[in-house]
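One structure is given below, encoded as structure tokens.
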2 protein chains.
Amino acid sequence: MTPRTPAPRSRRERPAKPALTHGTIVASAVRLMAAEGLQRVTMRRLAQELDTGPASLYVYVAGTAELHAAILEELLGAVDLSPATAEGDWRDRLAQVLLSYTGVLFDHPGLAQSALVTRPSGPHYLALVESILALLHEGEVPDGQAAWGVDVLLQVATATAAEQSVREGAPDAEDDHDALVEALGQASARTHPRIAALGADLFSGTPQQRLAWIFRAVVNGTATTPR
Amino acid sequence: MTPRTPAPRSRRERPAKPALTHGTIVASAVRLMAAEGLQRVTMRRLAQELDTGPASLYVYVAGTAELHAAILEELLGAVDLSPATAEGDWRDRLAQVLLSYTGVLFDHPGLAQSALVTRPSGPHYLALVESILALLHEGEVPDGQAAWGVDVLLQVATATAAEQSVREGAPDAEDDHDALVEALGQASARTHPRIAALGADLFSGTPQQRLAWIFRAVVNGTATTPR
DNA sequence: ACCTGAACACCGTTCAAGT
DNA sequence: ACCTGAACACCGTTCAAGT
């Protein structure tokens, strides 16, 4: 029989197994998400990808929630913050930044949902917050209102993306929305006069149109509502 | 040996096993959630509770998402809509309705999160939407703005509850928030002048104070922002 | 025709036991 | 001291095979 001495194979093999660090784990998670979607980015699947056991990952990552937050922080590097320092109406530029942010979330169904609950706190997220605050400052929104308003703006942007993403991602969330449209359509004028009066207008507009209006409305509210 | 003839036991035994219908399943799910929390309301655990196999539940419930939506719809019966038809400032009464809604969600960590993605469409939800629309109408908010605004108001209320709930429910989501506070506190005045300028004010106020301001701000924005 | 046991294909997280 | 195999305790969903 051939000797079972494990032939001293070169340290790095075909997929060039990287050393485990927080950084390499997150980088691998981002690649995995791009390839298979967030739903496949689990501690176990990722461990498999990194050619190790799931327990090893817990040395560097606290758990699934932290992992997803780290992925989002990474992706936030793609948000275009340049409008914050450009020329033109500050409200338009604020909307541009927020739309760029929602754009990133739209591309990654599910990530927005986790972002509502586990917020990132890395440099890209800080830069986004700073840009929004700078634009509100430029618009002479009082500091106290800006401090609370930035939260609402990011929340509304994130929640809208979460809603849209999942509607796209999940096959039957569509039915779910249809059920609501149906239910609102059926509402009788006697029991639900306002729903009946508004009718189809409750669902009018493209997501883009609604999002643009929402941002304007929340910015206006922030600017004009004293604490 | 005693004959193994299965003694014809009375049809209904101790826990009075109910017939399986959508109604009995949802009722049982609500009880289970009250007893063990939403995280335990799974198709399998619920089937166990109902003394059957999970496959049987799929005859009456489309899946986990629909199940959670049905639970929420049930709980929405507890929302106090009476301010909608009471005396007084319409903005205050609208805030009362929204606070009652968030109250229900606050009591049930996790349900708010699922509500952001799978909206209920039952009678209790319709009644809530109708009440909000009626108050906006009373406040002479233009129809088109009210139609889109009701969505934003519910979204903001739900997202805020989701955020808070999870912070309470999950043990380490707290750290997560602390990490953000820490990160924002560390931000240098040179690289992040606005974050540095606002400082602790970014996190000031009780959740109640913030929520009250948020509702006023979004209502104001809705009332004053043309489409 | 209706219902469901059993299976398929996964999860997150922990810790005792190794190197 | 560090790392991880293996286990614990679960998931959602489907479908072939029974009654």
Side-chain angles (χ1 to χ4, degrees), chain A residues 4-6 8 11 17-26 28-29 32-33 35-71 109-110 113-114 117-118 166 169-173 175-176, chain B residues 5-6 8 11 17-26 28-29 32-33 35-71 109-111 113-114 117-118 166 169-173 175-176:
Chain A
R4 291 184 64 257
T5 321
R11 193 72 175 69
K17 189 176 173 178
L20 282 189
T21 67
H22 183 88
T24 55
I25 290 171
V26 173
S28 186
L32 183 56
M33 185 184 65
E36 308 188 8
L38 185 71
Q39 71 277 171
R40 294 272 178 250
V41 184
T42 63
M43 295 298 277
R44 291 181 93 106
R45 180 72 184 79
L46 187 56
Q48 185 186 315
E49 204 70 6
L50 289 164
D51 214 355
T52 182
S56 307
L57 265 42
Y58 282 84
V59 178
Y60 308 98
V61 176
T64 310
E66 201 209 82
L67 179 64
H68 288 185
I71 292 173
Q113 212 188 335
S114 89
V117 150
T118 305
V166 174
D172 48 82
D175 309 348
D176 180 71
Chain B
T5 321
R11 196 69 175 67
K17 188 177 172 177
L20 281 188
T21 67
H22 183 88
T24 57
I25 289 171
V26 173
S28 185
L32 182 57
M33 186 185 64
E36 309 188 6
L38 185 71
Q39 70 276 173
R40 294 274 177 247
V41 185
T42 64
M43 295 298 276
R44 290 181 94 105
R45 179 73 183 77
L46 187 56
Q48 187 185 315
E49 203 71 6
L50 289 165
D51 215 355
T52 184
S56 306
L57 265 42
Y58 282 84
V59 178
Y60 307 98
V61 176
T64 310
E66 201 209 82
L67 179 63
H68 288 185
I71 292 173
L111 209 50
Q113 212 189 335
S114 91
V117 150
T118 305
V166 175
D172 47 81
D175 309 347
D176 180 71

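Proteins get letters first, then strands, A, B, ... in listed order; numbering begins at 1 in each.
Partners of B:Arg44 by side-chain contact (heavy atoms from CB on, under 4.5 Å), not counting sequence neighbours, listed by chain and number: B:Thr42, B:Pro54. Not counting sequence neighbours, the partners of B:Ala69 by the side-chain contact (heavy atoms from CB on, under 4.5 Å) test are B:Thr118. Considering only residues two or more places apart in sequence or on other chains, A:Ser28 meets the side chain to side chain donor-acceptor pair (under 3.5 Å) condition with none of them. Applying the side-chain contact (heavy atoms from CB on, under 4.5 Å) criterion to B:Thr24, with sequence neighbours excluded, gives B:Pro18, B:Thr21. For A:Glu66, there are no side chain to side chain donor-acceptor pair (under 3.5 Å) partners two or more places apart in sequence or in a different chain. Qualifying side chain to side chain donor-acceptor pair (under 3.5 Å) partners for A:Gln48, counting only residues two or more places apart in sequence or in other chains: none.
One interatomic measurement links the two molecules: CZ of A:Arg40 to P of D:dC11, which rounds to 20 Å at whole-angstrom precision. If you take CG of B:Leu57 and P of D:dT14, they are 14 Å apart, rounded to a whole angstrom. The CG atom of B:Leu46 sits 14 Å away from the C1' atom of D:dC11 (whole-angstrom rounding). Between the CZ atom of A:Arg45 and the C1' atom of C:dC10 there is a distance of 12 Å, rounded to whole Å. Summarising the geometry, the separation between CG on A:Leu32 and P on C:dC10 is reported as 13 Å, rounded to the nearest angstrom. Atom CD in B:Gln48 sits about 11 Å away from atom C1' in D:dC10, given to the nearest Å. Here D:dA9 presents its P atom at 18 Å from CD of B:Gln39, a figure rounded to the nearest Å. Distance CE (B:Met43) to C1' (D:dT14): 12 Å, rounded to an integer number of Å.
If you check D:dC11, D:dG12, C:dG12 against the side chain of A:Tyr58, the one that comes closest is C:dG12.
Among pairs with a residue in residues 54-63 of chain A, those fulfilling side chain to side chain donor-acceptor pair (under 3.5 Å) read A:Thr52-A:Ser56, at least two apart in sequence or across chains.
Separating the P atom of C:dA9 from that of D:dC8 is a span of 23 Å, rounded to the nearest Å.
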Read 5' to 3' with Watson-Crick or G-U pairs under 3.5 Å, [ ] for crossing pairs and | for partners on another strand, DNA chain D gives ||.|||||...|||||.||
Please write out the pairs of protein N or O atoms and N or O atoms of nucleotides 4-7 of chain C separated by less than 3.5 Å, giving the distance to one decimal.
residue : atom : partner : partner atom : Å
C:dT4   : OP2  : B:Ser56 : OG           : 2.9
C:dT4   : O5'  : B:Ser56 : OG           : 3.4

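The minimum heavy-atom distance between A:Leu38 and A:Gly110, with the atom names listed, is CD2-C, 3.5 Å.
In terms of phosphate contacts, A:Tyr60 brings a side-chain nitrogen or oxygen within less than 4.0 Å of OP1 or OP2 of D:dC3.
A:Leu57 CG to A:Ile25 CD1: the interatomic distance, rounded to the nearest 0.5 Å, is 4.5 Å.
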